[in-house]
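Beneath this line is the structure, given in structure tokens, with notes to follow.
When reading the values below, keep in mind they use all heavy atoms of this one structure, side chains included, and skip hydrogens, waters and symmetry mates. As the structure is a computational prediction, the values presented were derived from the model and not from experiment. A, B, ... follow the sequence lines: proteins, then strands. Residue 1 opens every chain.
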Amino acid sequence: MLDILYSIIPQMLFFAAPLIFTALGGVYSERSGVINIGLEGLMVIGAFSSVTFNLLYADVLGDATPWYSLLVAIIAGMLFSLIHAVATITFRADQTVTGVAINMLALGFGVFMIKQIFGKGQTDFISQPIYSTDVPFLVDIPVIGKMFFNNMYITSYIAIVLSFVAWYVLYKTPFGLRIRAVGEHPMAADTNGIKVYTTRYIGVIISGALAGLGGAVFAMTISLNFSVSTIAGQGFMAIAAVIFGKWNPLGAMGAALFFGFAQSLSVVGSSIPLLENVPQVYLLIAPYVLTILALAGFIGRSVAPKASGVPYVKGSR
Amino acid sequence: ACGSGSSSGQGGSGDSFKTAMVTDTGGIDDKSFNQSAWEGLTKFGEDNDLKEKEGYDYLQSNSASDYAGNLNRLVQSNTDLIFGVGFKLAEDIGKVADQNKETHFAIIDSVVEKDNVASIVFEEQQGSFLAGVAAATKSDSGKIGFVGGEESELIKKFEAGYVAGAKSVNKDIEVDVQYAGSFGAPDKGKLIASNMYNSGVDVIYHSAGGTGNGVFAQAKDLKNNNPEGNYWVIGVDRDQYDEGQIGDNNVTLTSMLKAVDVAVARVAQDSKDGEFPGGEIVSFGLKDDGIGIAETNTEAYTDDIKSAVDEWKQKIIDGDVTAPGTADELKAYVDSL
Amino acid sequence: MFSSTKFNFIIPIISVLLGLAAGAIIMLIFGYNPILGYQALWNGVFDSPFFMSETVNRITPYILTGLAIAFAFRTGLFNIGAEGQVLVGWVAAVWVGTAVDAPAFIHLPLALLAAAAAGALWAFVPGILKAKLGVHEVIVSIMMNYIALHVTNYLIRFVLTDNQETTEPVKQSASLTNDFLIGLTGSRLHLGFIVALLMVLVMWIILERTKLGYELKAVGYNQHASNYAGMKVGRNIVVSMLISGLFAGLAGAMQGLGSFGNAFTNTAFSNLGFDGIAVALLGGNNPFGVVLSASLFGFLKVGSLNMSSAGVPNEIIEIVIALIILFVASGFIIRWALLQLKKGEKK
Amino acid sequence: MENYVIEMLNIRKEFPGIVANDNITLQVKKGEIHALLGENGAGKSTLMNVLFGLYQPDKGEIRVDGKKVEINDPNVANKLGIGMVHQHFMLIDTFTVAQNIVLGSEPKKGLKIDMKKAVREVQELSDRYGLQVDATAKISDISVGMQQRVEILKTLYRGANVVILDEPTAVLTPQEIKELIVILQTLIKEGKSIILITHKLKEIMEVCDRCTVIRKGQGIGTVEISETNPNELASLMVGREIRFSTEKQPAAPKETILAIEGLTVQDSRHVDMVKDLNLDIRAGEIVGIAGVDGNGQTELIEAITGLRKKSAGKVMLKNQDITSMPVRAITESGVGHIPQDRHKLGLVLDFSVGENIVLQTYYQKPYAKGGILSFKRIYDKAKALIEEYDVRTPSHLTKARALSGGNQQKAIIGREIDRNPDLLIAAQPTRGLDVGAIEFIHKRLIEQRDQGKAVLLVSFELDEILNVSDRIAVMFDGKIIATVNPKETNEQELGLLMAGSKIEKEGAQN
Ligand SMILES: Nc1ncnc2c1ncn2[C@@H]1O[C@H](COP(=O)(O)OP(=O)(O)OP(=O)(O)O)[C@@H](O)[C@H]1O
Ligand SMILES: Nc1ncnc2c1ncn2[C@@H]1O[C@H](COP(=O)(O)OP(=O)(O)OP(=O)(O)O)[C@@H](O)[C@H]1O
Ligand SMILES: [Mg+2]
Ligand SMILES: [Mg+2]
């Protein structure tokens, strides 16, 4: 039993990390009142930019390359999310439509650029990925050490710490209060002297930064290259995590961890003798079925920020 | 075959021969078989002094809906021989071939029984058998793994050959077989690999396309933490040595090579020479270098492995051993050991 | 000057032009010839009857997934699960198409019905969970997509075939293909477009002319008022998802009984459902608008395959499509710009 | 030179297709309560939004303390000491009172909001003006009256010298209105100035110093309250004479239409809101339910109309048991319902006026046949009702959202009365409407009575209850604690009853 946990927990953590980052981004965007279906595309941009940077600059930067790559992805994600922000906030475009367009645009752009830069539709493996490590000292703690501090990616820890930071910012700081206010009732916020447009821009750009980071973490730890199919649905899973987690950073983290857990369980499951003869398909769909059951069973209704999806037009009600 | 005679007869100068391929959704730089097929065509083109686009060409498909259109586009531009790369094109090749009896087609990895279609298949089970031999010889733990993409007949062929090869070396070896359910899920591949290495597996053979990237990622990560540890991957379809590189180490033990390029170039040449194998199943195996095993990682791929592999390779070529390609054949084979 | 109906036409047209212009600029920047590129795009469709009918075949499922998503949107729901509904519809149609023996006038409708029913069933799950438990339909739909992908692969491999990747072709009696059309164009043009156009009418009639449509829209706009007016809110949510799923399921049938005539295992999503979101929104969630936007999509997708003949990578078209959608969505600013232009003229 | 804090001179504001403010001048003296009066849609809110920086005027000038200013943002207004309590509250339901108030100018401790300090400050401010709000309560948990005080606190917290209140009393109970007036007077004592928008002339007479009247976007003029009377104000506003108390014949009640026995209803938190309640309404009478908001009136109506489950008791309509019928069956057996919340329940705002007209009948002949709607018949009906009920709308195809509140209400009333129900339930039918519209609606209710229908009127306006009802049932804590004859009672007495004090009196039975 303990053995199973020893393998499930680290796996769940590395699997969940990209989803956590991206979902946190989604939380910020939607909390500020802008639905972001484009998370998938922003992850693509993150993966694309980090891999490209990594391949081009590994020789110069050496071991520090992956960290710079993450930074590049964050910036690329922010820039790309600006398109979403300008369209939805300034031009009052439908948020869902724009998100869908962002997804197509990111993929088209990413693959097109890869072809321009490397002359092929799929990059080589990066030579400087992020590796897992043991956490000194902590790893020696009995049971816990092996579960939580053995062969772990720093990015997983960052994801979890960032979830708490995101929660703190959203619920304890003036900035968070303002983000939530413009997502619930932008006009009220406006009459209180809050710059609704600016705040929403920031919300969307944060989602770009975090989704870019999520895509990059996926690329730097899991796929190690970029192609048209590197990011294939993770962004949508992140959206699911946002809703599952009821637009709360910690909830979103919990949901992402749950997805990781369910996936990992389905993999571990197939090596449990009892389940050996169960057709593969049941294990493959298990994570998704589990999610639906969890939603139907005890998560239930989740209520989106009231004004999310609605462009704010100054002076109208 | 008479159609081919006339066409090559007409173009006595030899320059008018045109061949082209339609990729599946991978594209010619997929580091896998579209790429390999294209390399074959390019080689053929160079050997015959043909120009790209005029003498040899390709069309890329972005989705399954594109196959038929692309095939027809090539027919309409008077292509003499059209390759469909991958079993997914079989259905469409069949239909287009019916409507265009004057044109020659070749399908890779599948069989289409039509007079103007040549079916190119590979004996993957033979290469996989050797991969199994290498894995079993390499393994210290007595536990090896196999990661498949989708649980299809084709991939089952890899699995069967691999298990048979491994058991041939060590009857008691444990083979952990898992399918990711997708060829494009590196995260799932990494999960599976992590799980396998955790449970003591020390060699994993993957036949899982992009999902296999996750297997490499996990092996390299473990290797990075523990350079002395045994975390080997056996690549598939082409030499995946580069994918295994990590610092000064390399986790790619070997790769099962599928020489699509060789096959494509051969069929194209035959066709140009008026010997198009229409209606035939052209099978490539160890014997004709259509299937092979990579020896790039000289450090890991030690002499004892090489000699074991070579020994079994000879047996297969000589027909002393038949590598099983299905679950049933595998069962019979293992029982016979 | 500009009435709002006029805007409804002008904005998409301007957006398409802007999108193409942006594509041209990108081509120029990267050293491709946009004129040759677009010429190839055009020729890729209009060069031969074959590719024109190929384009029609491509448009057909887009219309249906577009309708599926537009219908849900119009009734206040976001059916992001069309992707999965297409897959199950596809497999169901092929299943009936291969396993049943019947004369064509029974077999074909039966196969279509099976596809519609399968799509509807898949949409029922998020519908009922939303109606009964208030679970967000988007998240359940996303999960149902993945389940559909794995389940259909399993069915094809182990139920419809004996461990094959591809099923038998559907029997002629269940096929949408038609010798006359094939003879006419030498292509695989099939009768599916008639089904799709019929569904366009069906959607329009349901929404604009029936009391069911009235209820569905009312529930979509305001559940409290609908409840006040004695409508059954939950039931309407489920019905709306069922109809939406039905359209998506039929999109699958177009592929299974028409364009492909079989079903095969999929490694990844077909994207018909996801593209349907864009089709629906580009078409203003209006059934006739959907026909136009699906046509644009089909045209660009088929034509783009020919762009490599001009040496232009066809990802450029993905970018162009995305930009067009962005421009349409930002119609407000185009409208504003037009009004400014008008004003400027007057002065 | 007078000492004006606020001067809005010759303000013009145009919206596409309409001039909402045309050359309006408003001058507010320091320390006065200045009323702004006008019909629905006259342009009052627009003018105030201009002052608060939500809209930019097309023409005209604004001066604060004699200095010309440009207010292009609420922030600027706040800095100039102008605060506004909007007609539709600008509060975030999920936040606490303190969070709502400090939002935008939060006290900080490090990076964190200093919530303790915020609560303390808010509490102090509240105590100083006698507002009695709980700074830590969630908005969604407090009454409308409390929410309004939060709005006032918001302006005070930002240091407002001039407080604009847009129809503050429309949503309040009589008791709350009294308390609000006290609050306003406290503010004046503290040196603030107030601009008050209200349709209630009585309130203006009671608390205001001066009144500016606007009609159809035009400034009509400013009058000293001490030198005017309600009749003059009304005719200034409407441009014609208005009759205040509705004339009606004595009622002639006949057979019992609605009989409620032992009804108990719970709210969504499972608290009993209606407790073992009995009530009869007869044909040809209007029964008014008087009571302070929150004493179960809403739940009572929802229970009668089937929108809410009943936990005990029986409801009979024309001797037919409708207790456990679904909404539609109840509607069909002869109940018309003018709901309290017209935006939430009464209308599908995104449907056209025409579509809303058939919201209760769309499925019946002649509007629907075999599941198909006949829009010709629907629109014919809509046009007829729009005409008959004087619904001012560009066309029957206009979205209901675009109509003013009064016209939305008229459309609902037309729709419900036209179905010819035996029982008409009217909940707060005139909330937020101008006197002209109120007069119209009252006439319609009485007309129904005269045609032999039973009418149940729920209102927090004592005027309305006293004027329109034939019988008044006072509701307190989920029960009818008294039934009185409007002719034999007065506001004083009703007020006491509504506060729960039982008085021995012959009219009080049941
Ligand atoms: N944002 C807007 N866009 C277009 N027209 C508007 C807008 N706001 C108000 N109007 C129009 O301006 C006119 C004045 O509206 P306003 O809200 O100022 O009326 P009001 O006097 O406050 O009415 P009420 O007593 O109902 O509150 C109305 O005819 C209305 O239709
Ligand atoms: N964005 C807008 N576009 C068009 N008209 C508007 C807009 N915003 C407000 N209005 C109009 O302004 C007028 C007055 O608005 P206001 O907010 O004062 O409503 P009201 O008539 O007082 O109704 P109520 O208070 O009952 O909701 C209405 O006619 C309303 O339709
Ligand atoms: Mg107003
Ligand atoms: Mg009003």
(Q) A quick test of your reading: do over 12 heavy atoms of other residues, nucleotides or ligands sit less than 6.0 Å from OH of A:Tyr157? (A) yes
Q) Is any residue of residues 223-237 of chain B within less than 4.5 Å of chain A by heavy atoms, and which ones? A) B:Asn224, B:Asn225
Q) So, B:Phe146 versus B:His206, ring centres under 6.0 angstrom or not? A) no
Q) Using non-hydrogen atoms only, which part of A:Tyr131 is less than 4.5 Å away from chain B: side chain, backbone, both, or neither? A) both
Q. Between A:Gln128 and A:Thr65, is any side-chain donor less than 3.5 angstrom from a side-chain acceptor?
A. no
Q | B:Tyr58 OH: over 12 foreign heavy atoms closer than 6.0 Å | A | no
Q: Please look at B:Asp187 and chain A and tell me whether the side chain, the backbone, both or neither of the residue comes under 4.5 angstrom of a heavy atom of that chain.
A: both
Q: Specify which of A:Gly121, A:Ser229, A:Ser132 makes the most heavy-atom pairs with chain B at under 4.5 Å.
A: A:Ser132
Q) Is it the backbone or the side chain of B:Gln35 that comes under 4.5 Å from a heavy atom of chain A, or both, or neither? A) neither
Q: May I ask you to name which of B:Val177, B:Asn198, B:Asn213, B:Ile192 has the most heavy-atom pairs under 4.5 Å with chain A?
A: B:Asn213
(Q) Go through it in stages, so that I can follow the logic: the residues are B:Lys167 and B:Asp172, the test is salt bridge (Lys or Arg N to Asp or Glu O under 4.0 Å), and I'd like the CA-CA distance, side-chain angles, deciding distance and then a yes or no. (A) CA-CA 7 Å; B:Lys167 298 259 180 198; B:Asp172 300 320; over 6 Å; no
Q) Most heavy-atom pairs under 4.5 angstrom with chain A, which of B:Leu191, B:Ile246, B:Leu222, B:Thr211? A) B:Leu191
Q. Given a strict heavy-atom distance threshold of 4.5 Å, which part of B:Glu243 is in contact with chain A: side chain, backbone, both, or neither?
A. both
Q | Distance-only polar pair, side chains of A:Glu40 and A:Asn103, donor-acceptor under 3.5 Å | A | no
**Q.** A:Asn225 versus chain B, the contacting section by heavy-atom distance below 4.5 Å
**A.** side chain
Q: Measure from the ring center of B:Trp38 to the ring center of B:Tyr56 and say whether it is less than 6.0 Å.
A: yes
(Q) If you count every heavy atom of other residues, nucleotides or ligands that lies below 6.0 Å from B:Lys43 atom NZ, does the total exceed 12? (A) no
**Q.** Region of B:Ala185 that comes under 4.5 Å of a non-hydrogen atom in chain A
**A.** neither
Q. Would you find more than 12 non-hydrogen atoms of other residues, nucleotides or ligands less than 6.0 Å from A:Phe118 atom CZ?
A. yes
Q) Near B:Tyr241 OH, under 6.0 Å, is it more than 12 heavy atoms from other residues, nucleotides or ligands? A) yes
Q) So, B:Ser255 and B:Gln240: side-chain donor and acceptor under 3.5 Å apart, yes or no? A) no
**Q.** Heavy-atom contact with chain B under 4.5 Å, split by part of A:Ser223
**A.** both
